[in-house]
There are 2 protein chains.
Amino acid sequence: MTAYDQRREHVLDGCAQVFAEKGYDSASIRDIARAVEMSAGGLYHYCSNKQDLLYQVCDRAFRSLIARLEEGLSHVDDPQERLYTVFVTHLTYFLDRPDELITLTENLSSLTPPGSAKIRELQRCYYDIVSGVLASFPGITATSLRVATMTLFGSINWVHTWYRRGIDGGADELARVMTDLFLNGLAPAYKCSPSSPKHVD
Amino acid sequence: MTAYDQRREHVLDGCAQVFAEKGYDSASIRDIARAVEMSAGGLYHYCSNKQDLLYQVCDRAFRSLIARLEEGLSHVDDPQERLYTVFVTHLTYFLDRPDELITLTENLSSLTPPGSAKIRELQRCYYDIVSGVLASFPGITATSLRVATMTLFGSINWVHTWYRRGIDGGADELARVMTDLFLNGLAPAYKCSPSSPKHVD
DNA sequence: GCATCAATCAAACAAACATCCGATCACTTG
DNA sequence: CAAGTGATCGGATGTTTGTTTGATTGATGC
């Protein structure tokens, strides 16, 4: 990693922070410059324009996320454990680098061509992985697979709007609750033991 | 309803459309003026400033949504049917007036005091209703109630990012799939079938 | 037919914006 | 030391922003 690359990483960190806090549109080049302690003009040594900064942040974040998930899934075979791996990997990444994931979920729609197409490709890649995990459950149909996958993404991507550090438990606990919800639902008692609707373990 | 109020409704419709399409920050007063076929200055007869327009759109949308949900739930007693009612009401509203709901979910964070506090109160009201529905399921704990409620919101609020008209089925079908997922999960076969003694905890 | 009043407009305002540019600065290399 | 080079800066540019202002219109009441 060259010195230039290191500096660029630092710039992208600052971008993610500012984009996550104010959103792409109301984040000004001067805001970013202040966050990385550089002049506005100086930023243009690490990007071609403001839009390019958003692209670089999204690209880096998506690639990290996909790499982590592929690594995590490579050790696990059981479908239920693989589902847990999806949740815990994404949530761990979120707690680890919240600004990047917030930028990714909140500002994707601010991307313009041609960068938007490349990022959408990464998004598709991520979708296929998660969808593949869900597809291994028996009894799932084509339409319910799509809805279930999108519902899962919605659940995960919504976390940043309500999660509070120190109050809401770590990634493992959150992932456990969500996995249980997706596997067994809210009313397993109704379904499995109609004679004792109150029983739960 | 006075003529002024009617005209104001028309202005808010245009705002919702522009906000949903471009986002609050990059939607200009002139964009909105063009959408409602009025001059930029003329808009200020229906608001005190741009921020006020966002507030009015959010306020109107949230109140409609809450009213619809309260009405719908008032006819239903069974917990499982009440859960379906939550899904189908929200999704119907989304398919009915997508711009308002998109503005609500995408631009809430652009609200500033004092309007933001008032909207947050409506949000809290909506949360309490939905949380109450989920709380009626046996075996749900305090933390899992919070996570389940937020997961439900995430699922619903994410729909606008992937739904495609004419391809993805109506509100009732979507609500049915989601309700089934939340009630029974992906692996009811694993849990209930006698041939599969293993279960997750 | 005159006065009132709300609704609307075009024009103008300062502020903020992304971007560009010439001038330095801190270095390595000969 | 001299020359060269990449990084960074402050300032300037032209555009767009939200908002204000003063004038104009069209209808209503007298």
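Since we're looking at a predicted model, the values are computed, not measured. Below, read A as the first sequence line, B as the second, and so on, with proteins coming before strands; counting in each chain starts at 1.
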> What contact category does B:Tyr4 fall into here, base, sugar-phosphate, or nothing, at under 4.0 angstrom with non-hydrogen atoms?
sugar-phosphate
> So if I take every side-chain heavy atom of A:Met38 and compare against D:dC9, C:dA18, D:dG18, which nucleotide ends up nearest?
D:dC9
> I'd like to know if B:Asp31 and B:Lys22 make a salt bridge, using a cut-off of under 4.0 Å between side-chain N and carboxylate O.
yes
> Does the cation-pi check pass for B:Lys50 over B:Tyr24, that is, NZ or CZ under 6.0 Å from the six-membered ring centre and within 45° of its axis?
yes
> Taking 4.0 angstrom as the limit, do A:Arg68 and A:Asp96 come out as a salt bridge?
yes
> Roughly how far apart are A:Ser64 OG and A:Leu69 CG, rounded to 0.5 Å?
12.5 Å
> Starting at CZ of A:Arg7 and ending at P of C:dC27, how long is that distance when rounded to a whole Å?
13 Å
> Does B:Arg7 have any side chain to side chain contact (heavy atoms under 4.5 Å, CB included) partners at least two apart in sequence or in another chain, and if so, which?
B:His10, B:Met38, B:Tyr46
> Rounded to whole angstroms, how far apart are NE2 on A:His10 and P on D:dA7?
16 Å
> Round to the nearest Å and state the distance from A:Leu43 atom CG to C:dC17 atom P.
14 Å
> Using every non-hydrogen atom in the two residues, find where B:Val147 and A:Trp162 come nearest and quote the distance to one decimal.
CG2-CH2, 4.2 Å
> Going by heavy atoms closer than 4.0 Å, what residues in residues 27-37 of chain B are next to DNA chain D?
B:Ala27, B:Ser28, B:Ile29, B:Arg30
> May I ask you to say whether B:Arg124 pairs ionically with B:Asp128, meaning some side-chain N is under 4.0 Å from a carboxylate O?
yes
> Would you mind reading off the distance between A:Lys22 atom NZ and C:dC17 atom C1', rounded to a whole angstrom?
12 Å
> Whenever both distances are under 3.5 Å in a Watson-Crick or G-U wobble pair, mark it; put DNA chain D into dot-bracket that way, with [ ] for crossing pairs and | when the partner is on another strand.
|.|.|||||||||||||||||||||||.|.
> Whole angstroms only, please: what is the NZ-P distance between A:Lys50 and C:dC20?
14 Å
> Without decimals, in angstroms, what is the distance between A:Tyr46 OH and D:dG6 P?
13 Å
> Are A:Arg63 and A:Asp59 close enough for a salt bridge, meaning some N to O gap below 4.0 Å?
yes
> Among B:Phe94, B:Tyr93, B:Phe182, exactly one meets ring-ring contact (aromatic ring centres under 6.0 Å, His included) together with B:Phe87. Which residue is that?
B:Phe182
> What is the distance, rounded to the nearest whole Å, between atom CG of A:Asp5 and atom C1' of D:dG6?
14 Å
> Choose from D:dC9, D:dG18, C:dA18 the nucleotide whose nearest atom is closest to any side-chain atom of A:Tyr44.
C:dA18
